[in-house]
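Here the structure comes first, spelled out in structure tokens, and everything after it is commentary.
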Amino acid sequence: MAGTGKIHLRPQSSPILSVQDLVVNFKVDRKSFVSAVAGISFDVLRGETLAIVGESGCGKTTLGKAIMQLPRPKGGTIVLDGEDISKMDGKDLRLVRPKVQMIFQDAISSLDPRLQVKNLIDEPLKVWKRGSAEERSGRVDNLLDAVGLDPAIVRDRRSYEFSGGQCQRISIARAIALDPMLLICDEPVSALDVSVQAQILNLLQDMKNKLGLTLIFISHDLAVVKAVSTRVLVMYLGKICEIADPDDLYLKPAHHYSRALIAAVPIPNPEVQVNFARLGGEPPSSINPPSGCRFRPRCSSASDRCAAEEPKLQEIAPGHFVACHHPIVD
Amino acid sequence: MTDLLKLEDFRVSFSTPRGDLHAVRSVDLTILKGESVGIVGESGSGKTVLSRATMGLMPSTATQTGSAFFNGTDLSTLSRDDLRSHWGTGMAMIFQDPLTSLNPVRRIGSQLTEGLTVRLGMGREQARSRAVELLDRVRIPDPLVTMKKYPGELSGGMRQRIVIAIAIACTPELLFADEPTTALDVTVQAQVLELLTELRAERNMTMVLVTHDLGVVAGHTDRVVVMYAGQIVETAPTKDLFRNMKMPYTEALLKSIPRLDQPSGQRLQVISGRLPDPTKTEPGCAFAPRCTYATDKCRAEAPPLTTAPNGHQYRCFFPITGAN
Ligand SMILES: Nc1ncnc2c1ncn2[C@@H]1O[C@H](COP(=O)(O)OP(=O)(O)OP(=O)(O)O)[C@@H](O)[C@H]1O
Ligand SMILES: Nc1ncnc2c1ncn2[C@@H]1O[C@H](COP(=O)(O)OP(=O)(O)OP(=O)(O)O)[C@@H](O)[C@H]1O
Ligand code: SF4
Ligand code: SF4
Ligand SMILES: [Mg+2]
Ligand SMILES: [Mg+2]
């Protein structure tokens with residue numbers, strides 16, 4: 001992928017989530033479609049935080065939603081906690097839904113502005129009949145407190161009265177209300193200022209430790225990803241480029257795209273000359289993806305082989321996988 | 001350089017069931033023509049309200065006092081219609097939430113060409129080709145296909161670039177960019193910031209860049225304004241601010257950024273506590289309950305805005321000294 005392959009899967013470690021050959025297409029017109037997720041396989045072990053990073057439009061949100069079966073993907077299998085949810089009928093699927101929750105990218109608009117905060121958070125508890133009205137009310141206060149909001153101040157207010165950061169906290173409280181085993185966070189801190197970002201990242205870590213949560217953490221911010229993840233999956237145009245643990249990835253990126261991503265992180269110091277290995281070339285189209293390696297048109301190391309043959313994931317160091325014909329080694 | 005925007009004792013409050021909520025408390029700010037000013041501060045500190053109120057985009061529950069001069073005209077004396085005439089060509093804004101600022105049931109193309117036909121009086125065809133050009137400019141792949149799409153069919157980052165294209169369509173003199181790149185991955189972020197920088201140079205466009213990312217501010221502004229609890233607490237030329245920060249708050253903000261040069265899995269430094277309740281006005285420095293340097297004096301008395309000889313302003317009794 002920009003390659004294929006499954007060498008990186010760990011079936012023997014009984015992963016909490018195992019995704020194989022996932023395909024999601026969006027129809028553009030009668031002849032063409034967007035190939036948003038193009039045959040991706042990965043797994044997540046209990047307690048892991050898998051980060052998914054990549055360029056805007058590369059399919060991260062689509063991938064997260066496909067795990068939630070929103071909508072049902074075109075192809076592939078998704079095994080959650082031992083059950084293949086991609087084959088389930090609507091009724092069974094409904095029963096497993098509370099196990100996976102997702103915090104959506106547009107936090108502000110995903111909150112119903114007509115509801116008071118207490119009702120927003122109570123809603124999933126009520127739907128899933130988690131306790132009496134009184135018990136739920138106590139739970140709502142605990143959840144608000146856990147995400148750093150003062151229940152007394154915010155309970156009765158509505159989402160439009162809050163700033164972007166405050167809305168994101170409300171969505172997190174809502175998402176963890178049902179004690180999910182897997183929480184998919186789609187850009188959970190990208191709209192937050194740095195101090196709240198740090199609080200939320202620590203908060204997610206705490207929840208993870210306390211509630212035994214497993215996280216999929218979607219982000220474009222590599223510095224954030226490095227702080228929270230135990231494994232990083234780099235995506236490009238619907239394909240996997242590289243999988244590694246965060247320290248390995250940042251110290252020794254092997255894929256040419258990963259290296260460009262790392263080089264583009266802004267440095268909070270105006271004295272440092274931005275050494276900007278800017279990605280050249282045209283922005284990619286996932287309607288007509290390039291043959292072979294999808295990163296090829298923007299890669300300075302591309303060869304004929306890259307056009308002819310799709311690279312397969314290979315292990316270049318223990319736990320470090322890359323899909324590239326000419327990986328960076330130093 | 002001449003003043004483009006001048007805010008004097010600018011205040012915004014909202015009437016809420018719990019009493020008046022003070023979102024912006026007496027801000028004085030002058031922005032010069034051609035300048036790029038970064039506004040940073042915690043979530044809820046009033047950055048968006050300050051920008052939106054300047055443009056006259058406040059709901060009826062808001063009360064605005066003080067004055068805002070744009071090119072010498074006091075905006076507070078203008079009627080709503082006269083104020084509107086400044087939008088697009090005078091002032092434009094890139095809104096923080098890309099999904100809510102786009103109309104979900106209208107195609108991208110029609111949302112993009114609207115300003116061009118209404119404000120610039122372009123014909124349909126001219127507006128269309130200009131729109132395609134703008135999409136290309138903000139690095140949207142397949143501009144012609146995208147013109148026919150609805151916002152919901154685009155990724156978050158693409159939507160944000162559409163919003164930017166709409167904001168710059170009429171070449172505004174002053175662009176408020178409210179978190180313009182937070183939804184974008186780093187490579188596109190860099191491209192978009194470069195684009196904004198190009199536009200500034202090309203058209204002498206003035207920019208107010210609202211962001212929580214001190215990394216973005218470091219590379220793309222001439223001056224930084226730090227806001228806390230509705231007030232400006234520090235402002236300085238960007239290099240000076242990073243080299244020689246005075247406010248404990250600014251320092252704490254910088255320290256809470258996750259950085260690539262730190263090992264993974266470390267707990268991040270946080271600023272404990274939260275912003276004060278905006279419906280209350282407590283005596284003393286607003287940051288005192290969270291400040292590691294706070295003394296009794298800080299809790300009793302509000303520090304005034306102090307101006308150093310080089311123009312560096314800060315609101316603190318015990319500013320940090322020495323190189324940072
Ligand atoms: N409902 C849809 N209909 C048609 N195309 C879609 C739809 N949703 C997403 N796409 C397309 O699928 C591709 C992947 O989109 P996705 O939202 O998953 O990207 P992303 O990686 O989350 O990007 P970002 O970082 O900008 O949020 C894009 O080309 C996008 O335009
Ligand atoms: N329409 C409104 N009604 C009542 N209060 C509001 C309204 N809009 C904003 N506020 C309040 O005004 C204060 C400042 O909000 P503002 O949106 O300006 O923060 P911000 O600095 O932009 O934060 P963020 O970084 O999260 O976007 C907050 O306390 C917020 O709750
Ligand atoms: S070297 Fe070839 S396979 Fe590797 S990233 Fe470049 S184009 Fe893709
Ligand atoms: S005035 Fe006192 S409390 Fe306020 S920032 Fe300075 S040292 Fe801290
Ligand atoms: Mg997304
Ligand atoms: Mg804001």
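The structure presented is a predicted model; accordingly, all values stated were derived computationally and were not measured. Chain A is the first sequence line, chain B the second, and so forth, proteins listed ahead of strands; every chain is numbered from 1.
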Using heavy-atom distances under 4.5 Å, tell me whether Val49(B) contacts chain A through its side chain, its backbone, both, or neither. neither
Give, as side chain, backbone, both or neither, the part of Val28(A) having an atom under 4.5 angstrom from any heavy atom of chain B. side chain
Ile262(A) versus Leu260(B), closest heavy-atom pair with distance: O-CD1, 3.9 Å
Crowded around Lys208(A) NZ? As in, over 12 foreign heavy atoms under 6.0 Å? yes
By the definition side chain to side chain contact (heavy atoms under 4.5 Å, CB included), identify the one residue from Ile200(A), Asn202(A), Val228(A), Val224(A) that meets it with Leu268(B). Asn202(A)
Test salt bridge (charged side-chain N to carboxylate O under 4.0 Å, His left out) applied to Asp206(A) and Arg267(B), step by step: CA-CA 10 Å; Asp206(A) 292 346; Arg267(B) 251 188 120 66; 3.0 Å; yes
Where on Leu193(B) is there a heavy atom nearer than 4.5 Å to chain A: the side chain, the backbone, both, or neither? neither
Ile153(A) and Arg18(B): side chain to side chain contact (heavy atoms under 4.5 Å, CB included), yes or no, with the steps? CA-CA 9 Å; Ile153(A) 297 181; Arg18(B) 296 181 310 111; 3.9 Å; yes
Please step through side chain to side chain contact (heavy atoms under 4.5 Å, CB included) for the pair Lys226(A) and Arg259(B), ending with a clear verdict. CA-CA 8 Å; Lys226(A) 181 158 187 229; Arg259(B) 298 174 72 128; over 6 Å; no
Please name the pair of heavy atoms, one in Pro268(A) and one in Leu254(B), separated by the smallest distance, quoted to 0.1 Å. CB-CD1, 3.9 Å
Between OG1 of Thr61(B) and CD of Glu161(A), what distance do you get to the nearest 0.5 Å? 8.5 Å
Checking heavy atoms, do the side chain of Gln189(B), its backbone, both or neither come under 4.5 Å from chain A? side chain
Which atom pair, heavy atoms only, marks the closest approach of Ile271(B) to Gln199(A)? O-NE2, 2.9 Å
If you count the non-hydrogen atoms of other residues, nucleotides and ligands that lie under 6.0 Å from NZ in Lys252(A), is the total more than 12? no
Picking from Ser264(B), Pro258(B), Ser256(B), which has the most non-hydrogen pairs under 4.5 angstrom with chain A? Ser264(B)
Do side-chain atoms of Asn269(A) reach the backbone of Ala218(B) as a donor and acceptor pair under 3.5 angstrom? no
Nearest 0.5 Å, please: how far is CZ in Arg157(A) from OG1 in Thr16(B)? 6.5 Å
Checked Asp150(A), Leu261(A), Asp245(A) vs chain B; the most non-hydrogen pairs under 4.5 Å come from Asp150(A)
